[in-house]
Protein chains: 2
Amino acid sequence: MGITKTQIFNTEQNELANTFKVLSNPARIAILEFISKQDACICNDIVEEIGLAQPTISQHLKELKSINLIKGEIEGKKICYCINLKTWAAVQKRLNFFFNTTKVKCC
Amino acid sequence: MGITKTQIFNTEQNELANTFKVLSNPARIAILEFISKQDACICNDIVEEIGLAQPTISQHLKELKSINLIKGEIEGKKICYCINLKTWAAVQKRLNFFFNTTKVKCC
DNA sequence: ATATATTATCGTAATATTGCAATATATCAA
DNA sequence: TTGATATATTGCAATATTACGATAATATAT
């Protein structure tokens, strides 16, 4: 159906899955990598770098913003996008918690 | 278009995104958590636990198997699914590498 | 061989995602 | 104000994902 039955899972499972979903696109990975390499991060540069149309990049940035992985500061007519260090660390910690607590008992 | 332009990204970016994609569904998160708690892991038990139809669970297991996150051993007419520790650790390491190397220079 | 139990595959419907053109909005510069 | 530049939003087409019923495949037990 394309629809996920979120109601049968708990909040932690849904949020974790959603975090993974935001990261599950190579364009968004590339955007994060590119932003992290720049001193100043401007959308138009991202468009040229990634090679996708401007609306597409804008949409990907919106998704990254939806979980606060990045933040954009308006600088004149440009926007300086950068990684939100606080969320970044929190997400990494959460993913590690998932990997560490998912232990193996069989096989 | 629903289609990702994988050709404009590098292998690392595509593989990383694909790994995140496999983990981007709450049912698959729940399956991994359930498997990790069991001594013996049988698909039929998973169906009862998760609350999705058997073909749906089977499909999710297939996706988890596609990147070797789990492995299934045939035990009679049942199958013992368990987490593939080797891949598990490798994936965790890879994700941490991504988080650690994506540094911040602006803002 | 037949019946039962377990898991996989196929086909299909509904919804989600990706990407872009067109357009809107916002900001600066002259 | 007008024009140029940068980013966001809308609308749409194509493909992907999710879920399930029906069915196939596999293995055991009788």
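Chain A is the first sequence line, chain B the second, and so forth, proteins listed ahead of strands; every chain is numbered from 1.
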If you look at every heavy atom in A:Ile8 and B:Ile50, which pair is closest and at what distance?
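Smallest interatomic distance, heavy atoms only, reads CD1-O, 3.4 Å.
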Contact summary for B:Ala17 and A:Pro26, nearest pair of heavy atoms:
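Heavy-atom minimum between the residues: CB-N, 3.3 Å.
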Using a cut-off of strictly less than 4.0 Å, decide whether [X] has a side-chain nitrogen or oxygen near OP1 or OP2 of [N].
| X | N | answer |
| --- | --- | --- |
| A:Lys21 | D:dT17 | no |
| B:Tyr81 | C:dA8 | yes |
| A:Lys5 | D:dC20 | yes |

Could you check which nucleotide pairs with C:dT25 in any of the strands shown, counting Watson-Crick or G-U wobble with both distances under 3.5 Å?
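Answer to the pairing question: D:dA6, which forms a Watson-Crick or G-U pair with C:dT25.
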By nearest nucleotide on DNA chain D, pick out whichever of A:Lys78 and A:Pro55 is the more 5' one.
A:Lys78
Could you check whether any side-chain heavy atom of [X] comes within less than 4.5 Å of a side-chain heavy atom of [Y], counting everything from C-beta outward?
| X | Y | answer |
| --- | --- | --- |
| A:Phe20 | B:Lys21 | no |
| A:Trp88 | A:Leu69 | yes |
| A:Glu73 | A:Tyr81 | no |

Mapping A:Lys77 and A:Thr4 onto DNA chain C by nearest heavy atom, which one lands closer to the 5' end?
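Residue closer to the 5' terminus by nearest nucleotide: A:Thr4.
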Comparing A:Arg28 and A:Ile74 on DNA chain C - which has the more 5′ nearest nucleotide:
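Mapping each residue to its closest nucleotide by heavy atoms, the 5'-most match is A:Arg28.
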What parts of residues 57-66 of chain B reach DNA chain D, counting only heavy atoms under 4.0 Å away?
B:Gln59, B:His60, B:Glu63
B:Leu52 near the nucleic acid: base, sugar-phosphate alone, or nothing, with a heavy-atom cut-off under 4.0 Å?
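If one applies the 4.0 Å heavy-atom cut-off, B:Leu52 turns out to touch the sugar-phosphate alone, with no base involved.
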Measure [atom1]/[X] against [atom2]/[N] and give the value in whole Å, please.
| X | N | atom1 | atom2 | value |
| --- | --- | --- | --- | --- |
| A:Ile50 | D:dT7 | CD1 | P | 14 Å |
| A:Ile8 | D:dC20 | CD1 | C1' | 13 Å |
| B:Ile79 | D:dT28 | CD1 | P | 12 Å |
| B:Asn25 | C:dT15 | CG | P | 17 Å |
| B:Glu75 | C:dT6 | CD | P | 14 Å |
| B:Asn44 | C:dT7 | CG | P | 5 Å |
| A:Ile3 | D:dC20 | CD1 | P | 11 Å |
| B:Glu73 | C:dT7 | CD | C1' | 16 Å |

When you measure from the side chain of B:Thr87 to the backbone N and O of B:Asn68, does any donor-acceptor pair fall under 3.5 Å?
yes
Distance-only donor-acceptor pairs under 3.5 Å for side chains of residues 53-64 of chain A, two or more places apart:
from: A:His60; atom 1: ND1; to: A:Arg28; atom 2: NH1; distance (Å): 2.9
from: A:Glu63; atom 1: OE1; to: A:Arg28; atom 2: NH1; distance (Å): 3.3
from: A:Glu63; atom 1: OE2; to: A:Arg28; atom 2: NH1; distance (Å): 3.4

Suppose we call a contact any N or O donor and acceptor under 3.5 Å apart; does that hold for the side chain of B:Gln54 and the base of C:dA8?
yes
